[in-house]
Amino acid sequence: MLRVVLSHILLFLLPFMGYALWLWMQKKEQTSEEWRKGPLRWLALAGVALVLGSLAIFATYREAPDGAEYIPSHMENGVFVPGRYQ
C-alpha cells in the first residue's frame with residue numbers, strides 16, 4: 001500500500017520537478033519569486049491529472065480474468081509456489 005501511495009505522490013510532484021529542472025536549465029535564479037510567478041495552478045492541475053489518469057489505468061487493467069479465484073503463494077513439498085489466478 002505504501003508503494004501505491006508513494007507512486008501517486010511522485011506522479012503528482014512530477015510536473016513541479018519538471019518545472020524546477022526547466023528553471024535550472026534556463027539558468028534563472030531559483031527564488032521564491034520565480035515560483036510565485038510560475039504556473040503553479042497549471043502544475044497542480046497537471047499533477048492531479050497524472051494521478052487520476054494512473055488511477056483510471058489501474059482500475060481498467062486487471063490481471064485476473066472474470067470469475068477467476070486467486071490462490072495465494074504457498075509452499076508445496078518444500079518448493080515455493082507463487083500466487084496465481086485459477
Side-chain angles (χ1 to χ4, degrees):
M1 184 67 182
L2 181 63
R3 180 183 59 88
V4 173
V5 171
L6 289 177
S7 66
H8 285 101
I9 290 173
L10 177 67
L11 281 173
F12 178 77
L13 292 177
L14 247 153
F16 294 94
M17 290 185 285
Y19 182 61
L21 180 66
W22 181 78
L23 284 176
W24 181 73
M25 295 287 286
Q26 296 295 318
K27 305 289 186 197
K28 292 186 178 183
E29 294 180 15
Q30 293 182 359
T31 62
S32 61
E33 187 176 317
E34 288 291 330
W35 282 95
R36 270 188 247 125
K37 289 182 180 178
L40 291 182
R41 284 190 184 137
W42 290 110
L43 294 173
L45 286 173
V48 169
L50 283 173
V51 170
L52 291 177
S54 70
L55 288 173
I57 289 172
F58 287 145
T60 303
Y61 296 107
R62 295 187 178 161
E63 294 181 18
D66 290 339
E69 179 182 345
Y70 179 72
I71 299 172
S73 57
H74 59 279
M75 297 290 284
E76 280 185 14
N77 299 326
V79 177
F80 178 75
V81 178
R84 64 186 185 279
Y85 290 99
Q86 184 174 5

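Computed from a predicted structure; not experimentally measured.
- Here the straight-line distance linking atom CH2 of Trp24 with atom CE of Met17 works out to 15.5 Å at 0.5 Å rounding.
- Across Pro15 and Gly47, no two heavy atoms sit closer than the pair CG-N, 3.6 Å.
- When all heavy atoms of Tyr70 and Gly83 are compared, the closest pair comes out as OH-CA, 3.6 Å.
- The shortest heavy-atom contact between Leu11 and Leu50 is O-CD1, 3.4 Å.
- At least one side-chain heavy atom of Phe16 sits under 4.5 Å from a side-chain heavy atom of Leu40.
- Ring planes of Tyr19 and Trp22: parallel class, angle under 30° (limits at 30 and 60°).
- Taking every heavy atom of both residues into account, Met75 and Phe80 meet most closely at SD-CA, 3.6 Å.
- Interatomic distance, Arg84 CZ to His74 NE2, rounded to the nearest 0.5 Å: 5.5 Å.
- There is no path of hydrophobic side-chain contacts, each under 4.5 Å, that joins Trp42 to Leu52.
- Leu13 and Leu6 fall into different hydrophobic clusters, where Ile, Leu, Val, Met, Phe, Trp and Tyr residues are linked whenever their side-chain heavy atoms come under 4.5 Å apart, directly or through other members.
- The hydrophobic cluster of Val79 has no other members, since no ILVMFWY side-chain heavy atom comes under 4.5 Å of it.
- Atom CZ in Phe12 sits 14.0 Å away from atom OG in Ser7 (nearest 0.5 Å).
- Nearest heavy-atom pair, Leu55 versus His8, reported as atom, atom and distance to 0.1 Å: CD2-NE2, 3.4 Å.
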